[in-house]
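As a basis for the values below, the full set of heavy atoms in this structure was taken, side chains included, without hydrogen atoms, waters or symmetry mates.
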Amino acid sequence: MDPALASGFSQEQFREACAELQQPALAGAEWQLMMETLGISIYRLLDQQTGLYEYKVFGVLEDCPPALLADVYMDLDYRKQWDQYVKELYEKECNGETVVYWEVKYPFPMSNRDYVYIRQRRELDVEGRKIYVVLAQSTSVPQFAERSGVIRVKGYKQSLAIESDGKKGSKVFMHYFDNPGGQIPSWLINWAAKIQSRIKWDAQNQKALLLSVHPDPP
C-alpha cells in the first residue's frame, strides 16, 4: 500500500473533532471571530507560513437531523447538481483506499485547481452521544498524475463533526484549510474566503448544503 494512504487517520484525530464539537479549542492561538450569521460562528487563524487563513465553524442547523446532514455532505453526485464550479468529481479505489478526485473551475485567465484527497467517515459513541465525524486531507497517488494546465492543491485538510442538537436539528463543527497555490495573491484568496464563508440551507428539500468555509474561486 502507498505510504501516503497507509496511515489514514488516527483514532485521536476523530476524537479531537468530537472534543471541539463539545468545547471549541480557540485558546492559545490568535483565532479571530470573522462573522456570526444564521446561528453559525466562523473563526479564522492566520497561517504565518503561507499568509492564508484556516477556519473553524461552530453552530446549529435547525430541522436537519445529523444522519441526513452527514449523508448530504458525503454525496458527491448530489454536489455536482448544485455546485456550478465542479468540472470533475468522483471517487476511485487506490491501493485499498478510496481517493477523491475533484477539479474546480476557475474564471479566465486563472488556471483550474484540482484536489486529490482521502476522506473517512465514522460514527462514534462519546458518553452516550452519537457523533458523525468526517476527516479529509490531501494525498498523492500515481493513479492521479498532475494535469497540464491544472494546478494541484496539495495543502488541503478538513474535519467535520455533527451531532443532534437535542431537538430536530444538528450541532456542527468544521475545521478547514486550503492553499490553492499558483500566483493568486494571498490577500485575494483570503478575501474570497471571507465573502464566500457561509452555511446554505435548502428548506424546500430539507437538506443542509454545508459550504461553511470552502471559498468559490475568487
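Residues T98 and E93 have side chains that bring a donor and an acceptor to within less than 3.5 angstrom of each other. Between the side chains of R129 and Q22, a donor-acceptor pair is found at a separation under 3.5 Å. Under 3.5 Å, the side chains of S41 and E36 contain a donor-acceptor pair of N or O atoms. Between D77 and Y90, the side chains place no donor N or O within less than 3.5 Å of an acceptor N or O (distance only, hydrogens not considered).
The aromatic rings of H175 and F173 sit tilted, their planes meeting at an angle between 30° and 60°.
The side-chain hydrogen bond (donor to acceptor under 3.5 Å, both in side chains) check on K157 picks up nothing, with sequence neighbours excluded. Listed by chain and number, the residues in a salt bridge (Lys or Arg N to Asp or Glu O under 4.0 Å) with D125 amount to none (sequence neighbours excluded). Among residues two or more places apart in sequence or in another chain, the side-chain hydrogen bond (donor to acceptor under 3.5 Å, both in side chains) test is passed with Q11 by R122. Remark: Q48 pairs with no residue by the side-chain hydrogen bond (donor to acceptor under 3.5 Å, both in side chains) rule, at least two apart or across chains.
Linking Ile, Leu, Val, Met, Phe, Trp and Tyr whenever their side-chain heavy atoms come within less than 4.5 Å puts Y73 and I40 in one cluster. Cluster membership for V153 and M110, using ILVMFWY side-chain heavy atoms within less than 4.5 angstrom, is shared. Placement of Y106 and V150 in two distinct hydrophobic clusters is found when ILVMFWY residues are connected by side-chain heavy-atom separations under 4.5 Å, directly or transitively.
Between the side chain of S170 and the backbone N or O of V172, no donor-acceptor pair lies under 3.5 Å. In this structure a side-chain-to-backbone donor-acceptor pair under 3.5 Å is present from D165 to G169. In this structure, the side chain of R119 engages the main chain of M74 through a donor-acceptor pair within 3.5 Å.
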Return a table of donor-acceptor pairs under 3.5 angstrom between the side chains of residues 64-71 and protein atoms on other chains or two or more places apart.
unit_1: D71; atom_1: OD1; unit_2: R121; atom_2: NH1; d: 2.9
unit_1: D71; atom_1: OD1; unit_2: R121; atom_2: NH2; d: 3.3

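Each of Q81, K80, R79 was compared with D83 under the side chain to side chain donor-acceptor pair (under 3.5 Å) criterion, and only R79 meets it.
In this structure, Y156 has its ring center closer than 6.0 angstrom to the ring center of Y176.
At most 12 non-hydrogen atoms from other residues, nucleotides or ligands lie less than 6.0 angstrom from NZ of K87.
The distance from the CD atom of E123 to the NZ atom of K130 is 4.5 Å, given to the nearest 0.5 Å. Interatomic distance, I131 CD1 to I162 CD1, rounded to the nearest 0.5 Å: 10.5 Å. One distance of note links CH2 of W102 with CZ of R113; it measures 13.5 Å at 0.5 Å rounding.
Taking the charged nitrogens against the carboxylate oxygens, R152 and D114 do have a contact shorter than 4.0 Å, which makes a salt bridge.
Closest of all the heavy-atom pairs between G149 and S111 is O-CB, 3.5 Å.
The list of salt bridge (charged side-chain N to carboxylate O under 4.0 Å, His left out) pairs with a residue in residues 16-32, not counting sequence neighbours, reads E20-K56.
Taking the side chain as every heavy atom from C-beta outward, N179 and F177 approach each other to under 4.5 Å.
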